[in-house]
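These notes are about the structure you will find just below.
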Amino acid sequence: MMKFQVLQERFGYSSFRNGQEAIIDAVLKQQDVLAMLPTGTGKSLCYQLPGYLIKGTVLIISPLISLMQDQVEQLALIGERKAIALNSFLNSRARAKALQNLNQYRFIYISPEMLRMEGMIDRLKNVSISLFVIDEAHCISQWGHDFRPDYLSLGEIRECLGAPPALALTATAQKEVRDDIKHYLKLKNPNEFIYSVDRPNIAIMIERVQTANEKKQRLLELVRQLKKPGIIYFSSKRVAEEMVEHLKLNGVKAVAAYHGGMDQEQRILIQQQFLNDQLNVICATSAFGMGVNKNNIRFVIHFHMPGQVESYLQEIGRAGRDGQESVAILMYSPGDEELPLRLSEYELPEKWQIDAYFNTCQLKNETDLVAELRLSETQLRFLKHYYLLNSQDIEQQINKVKTIRMKRLNYKVNKVWQMYRWIQSTDCRRKQIITIFGENDYSKPADCCDICTFDLSNYYEELTHIENLSSNSWVKRLQQLLKQEVNPL
DNA sequence: CGAGGCGGGACTAGTCCCGCCTCGGTGCTCTAGT
């Protein structure tokens, strides 16, 4: 079968979208591929279509259970039943059955954590894996070094499985992140497809205020005026929830919160209601977004600044997927950079915790250690990961881990300052982003950014100015209009 | 850094204020007990 035939008959498309065909060709030639495509350009087709043209199974590493479930459902809709998501949603019987029949699947979705569970690699060795896909591959760099260290083992796992060709897919990755991806996946001379991160239909704006209170008031104004639907990003679950109440109290309807502290069920419900236009505004933390395929989002507001330009770009990139004019507004008040700086720090163990852990972890049980050293789950995982990796004497190990911690901390702090410089700069915001991502050319849209030319009222809801008038003046205005209509007759 | 919670002291006895402390995001997995 030819790829065009599969495209039409299986997926129901008459042509490829920008970038897809070249990537698919490289995959079919069994080359390692690193592809950076803007959000919403159909990345999953790049491995799903080859799945029908090559022998064997496509293994897809995915960061979220919900993304895996989504993809399996999407595949079911086009009649594909030989797809499975291997994750904790499967009960033990279903999992046992799936593991026994692994080689019958065309597509297997799995998390990095599940891949590293005992016996999993041996199971997969009996399957002929013909393509090793890493969806949202920037997670390797963004999460692998601390939050989810299993991401760093993917390259070794790939080799264990006979080094099948790899396809790494992402939407935003600066050069150093791409280097990380290549290194940790052990890609050999990968074919790289890098498309521009620029989204000309998203106008970029920074709103400066002096205090937190002022920010809150200005946010209410903006939400009232702007065309919806929209997302507001916060770096705190509590503040996100408080803002939902504040907006509701002030007459904003169809607004809800979304963050990682909520029940899985509640999260799915909120996301569905947003996709179905039953909710207009989501007050969210960075937990919201991956896999949210909604094409008519008109604004993305940042109430807190993200810790890095990549996160910012990924978050604003959720606006305007339909190609219509949309706006991204980042609200900044002096001192805002402190929060992301703190967040970068407290994820990593402190120096004294490294000392204490390495010196006593063989003597005490884990529960006691965690309580004694006040370790968070992430800190503990970081320590365990590097404890297992090292086999030299304790002092050497400790120094090595402290160096790793220092490097990681520096990296994250530098990322925050890059974001900060972007906010403070007086250069075209779009041009700076392009430069940060190593690009040179872009065409300036009519509404570019607050430094260039830009009129925020283009993004207001049409009726807003009438609603804002008091009822009296509204009547007067209507009378005027009627007079104007009547007089000429 | 900055917001919020909490404890204690003060003064028309239950409320108010001040100072101190803590916390702040992202997700996978399994296990034990209902």
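Chain naming here is simple, since letters A, B, ... match the order of the sequence lines and numbering starts at 1 in each. All figures in this text were calculated on a predicted structure; none of them were measured in a lab.
The closest side-chain donor-acceptor pair between Gln424(A) and Glu337(A), if any, does not fall under 3.5 angstrom. Side-chain contact, Gln308(A) with Tyr411(A): no donor N or O sits under 3.5 Å from an acceptor N or O.
With P as the reference atom, dG33(B) and dT29(B) are 23 Å apart, rounded to whole Å. Rounded to a whole angstrom, the distance from the P atom of dT12(B) to that of dC16(B) is 14 Å.
Within 4.0 Å (heavy atoms only), Arg381(A) reaches at least one base atom of the nucleic acid. Nucleic acid contact class of Tyr346(A) (heavy atoms, under 4.0 Å, all strands): base. Within 4.0 Å of Glu136(A), counting heavy atoms only, lies no atom of the nucleic acid at all. Among the protein residues, Asn87(A) comes within range of the sugar-phosphate backbone only, with heavy atoms under 4.0 Å from sugar or phosphate atoms but none that close to a base. In this structure, Leu64(A) reaches the sugar-phosphate backbone alone: every heavy-atom distance under 4.0 Å involves primed, P, OP1 or OP2 atoms, never a base.
Going from atom CZ of Phe358(A) over to atom OH of Tyr386(A) covers 10.5 Å, rounded to the nearest 0.5 Å. Separating the CD1 atom in Ile84(A) from the OH atom in Tyr105(A) is a distance of 3.5 Å, to the nearest 0.5 Å.
The aromatic rings of His302(A) and Tyr312(A) lie tilted to each other, with the angle between the two planes from 30° to 60°.
With a heavy-atom cut-off of 4.0 Å to chain A, the contacted part of DNA chain B has its first and last nucleotide at dC1(B) to dC30(B).
Pairing for dC18(B) is with dG7(B), a Watson-Crick or G-U wobble pair whose two hydrogen-bonding atom distances lie under 3.5 Å.
Of the residues in residues 206-214 of chain A, those placing a heavy atom less than 4.0 Å from an atom of DNA chain B are Ala212(A), in numerical order.
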